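Just so we're on the same page: letters track the sequence lines, and every chain starts at 1. The structure presented is a predicted model; accordingly, all values stated were derived computationally and were not measured.
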Number of protein chains: 2
Amino acid sequence: MSEDDVLRMIEQAVIDHRLPPGTKLKEVELAHFFGVKRGTIRKVLTRLVYSRLAVQQPNKGVTVAKPSVKEALDLFSARRAIERSILESLATKITIKQIKQLRKILDEEQCCYQSSDSQRAIVLSVKFHTVLAFMAGNEVMTEYLKDIIRRTPLVILTHLGDMSQNLCRNQEHDAIVDALENGDGEKASQIMSQHLSHIENCIQEEPKSIKKPNLAALLLKVPQ
Amino acid sequence: MSEDDVLRMIEQAVIDHRLPPGTKLKEVELAHFFGVKRGTIRKVLTRLVYSRLAVQQPNKGVTVAKPSVKEALDLFSARRAIERSILESLATKITIKQIKQLRKILDEEQCCYQSSDSQRAIVLSVKFHTVLAFMAGNEVMTEYLKDIIRRTPLVILTHLGDMSQNLCRNQEHDAIVDALENGDGEKASQIMSQHLSHIENCIQEEPKSIKKPNLAALLLKVPQ
DNA sequence: GGGGTTAATATTGTTAACAATAATTTTATA
DNA sequence: TATAAAATTATTGTTAACAATATTAACCCC
């Protein structure tokens, strides 16, 4: 198992709270679990810390990050700024083919909702946002957006009981594509903004209490 | 000399082109130069790569990044989006005290220009932008802006002969503060946008040719 | 039993030697 | 002399042992 694989697995476990905020990420334990050397785990942890999914305390190791409410709000605000710029740019140059491509993603997403495959619905929802960024063509902003999206589930789950009903709403995604089709970037970004607000407004003051998890929780690939 | 010190020094050398794009950063050479272990240099290089100031090729080491013209343009575009959001937010809540604080920075900057201390003028110009971000209070965006600012000199110098005449213009900084004082975030961000365009428009197609530098160039702390 | 000190263990951090790969030089041969 | 193969050197990548620190457990005294 490669370094990237290990990173992805731990990242995913952090993102969907199988490894809750505050969990200590012990090097030897993880190394043994994944069947890799400690050095590999160390590199992975460095990268996790860099992406703010984890926090490092000198001589005390790294733990899963416990983002504050402020960080959550800042993240949403930054996301709004970036997605606005993306949509305004994209509205001036989007092609019919791209519109169709977006609608295809939304159709699939809709299917998942109807068949209650929320796991895959989330993936498609994320894909919708990142594809928008990709189409706009600004790689710097795409990277920033990906970074934000990576961090969002952690900040949400830290201050929310459950995210399952706080997903992106399909009809808003539809409305964004409609606005883009009409070349109205202003409107698209306005919808996006309130779209994000739906999630943002649910953020509560108090973080959830955490119980110490068994590391083997990583094995469970299904969040619930 | 600590890891952070070494990072800062190499970073600064990359930023002001004493270590031009494409320069190979050899581990033992750097370790010997700074009087640290190779492991320390390795960590520093990892961080440099992460911030996109350097590029890593497996088994071939890391070299100073050679950003493309597109990356330069993307960076400016992203910066525009972020600073716009910062200014719009700040305009609604800036205090008189903060206005004075900003003006003080600009006065100092003006002094430096008049005494031809362009080295320090750059520092103050950067400070102006980062203080704006800090005042707006969004830490995520502040981090992104810092990241962009860190990368900007490299992309500019790669596609420009010299940056010394392409600095931020003081009167535009003044106008931004004026707009903020009037609570007009819209106008402030518009000025900021054209402010950035002045620099952006000078970006050329062809990257400069590079000659292999002596590593001891790092010793020269003064760019010229 | 509680508070605090010391010892034992666990965990992170560092290092130097080794392995693997790439770059360079040398040598052989046409 | 030019080319290609081989040998040498330089450079990056990995590992396991060691050191330093923090955490836990044991112990003692009151």
Q. CZ of B:R38 versus C1' of C:dC18: gap in Å, rounded?
A. 11 Å

Q) Taking B:T152 for the side chain and B:I148 for the main chain, is one N or O donor matched with an acceptor at less than 3.5 Å? A) yes

N/O donor-acceptor pairs under 3.5 Å from side chains in residues 31-42 of chain B, not counting sequence neighbours:
residue, atom, partner, partner atom, Å
B:R38, NH1, B:E27, OE1, 2.6
B:R42, NE, B:E27, OE1, 3.4
B:R42, NE, B:E27, OE2, 3.3

Q.
Nearest whole Å is fine: how far is C:dT15 P from B:E3 CD?
A. 12 Å

(Q) List the residues meeting side chain to side chain contact (heavy atoms under 4.5 Å, CB included) with B:T142, not counting sequence neighbours, and say none if there are none. (A) B:A133, B:K146

(Q) Taking side-chain hydrogen bond (donor to acceptor under 3.5 Å, both in side chains) as the definition, give me every residue that meets it alongside A:Q194, ordered by chain and number, with sequence neighbours left out. (A) none

Q | For A:N59, all residues meeting side-chain hydrogen bond (donor to acceptor under 3.5 Å, both in side chains), sequence neighbours excluded | A | none

Q. Excluding sequence neighbours, so at least two apart, what forms side-chain hydrogen bond (donor to acceptor under 3.5 Å, both in side chains) with B:R84?
A. A:E88

Q: Return each pair, listed once, that meets ring pair (Phe, Tyr, Trp, His ring centres under 6.0 Å) where at least one residue sits in residues 57-80 of chain A; pairs must be two or more places apart or across chains.
A: none

Q) Looking at residues 39-48 of chain A, who's got a heavy atom less than 4.0 Å off DNA chain C? A) A:R42

Polar atom pairs between nucleotides 7-11 of chain D and protein, under 3.5 Å, N or O only, would you list them?
residue, atom, partner, partner atom, Å
D:dT11, OP1, B:K26, NZ, 2.8

Q) With A:Q12, which residues qualify under side chain to side chain contact (heavy atoms under 4.5 Å, CB included), at least two apart? A) A:I15, A:D16

Q: Give the rounded distance in Å between these two atoms: NZ of B:K37 and P of D:dA20.
A: 13 Å

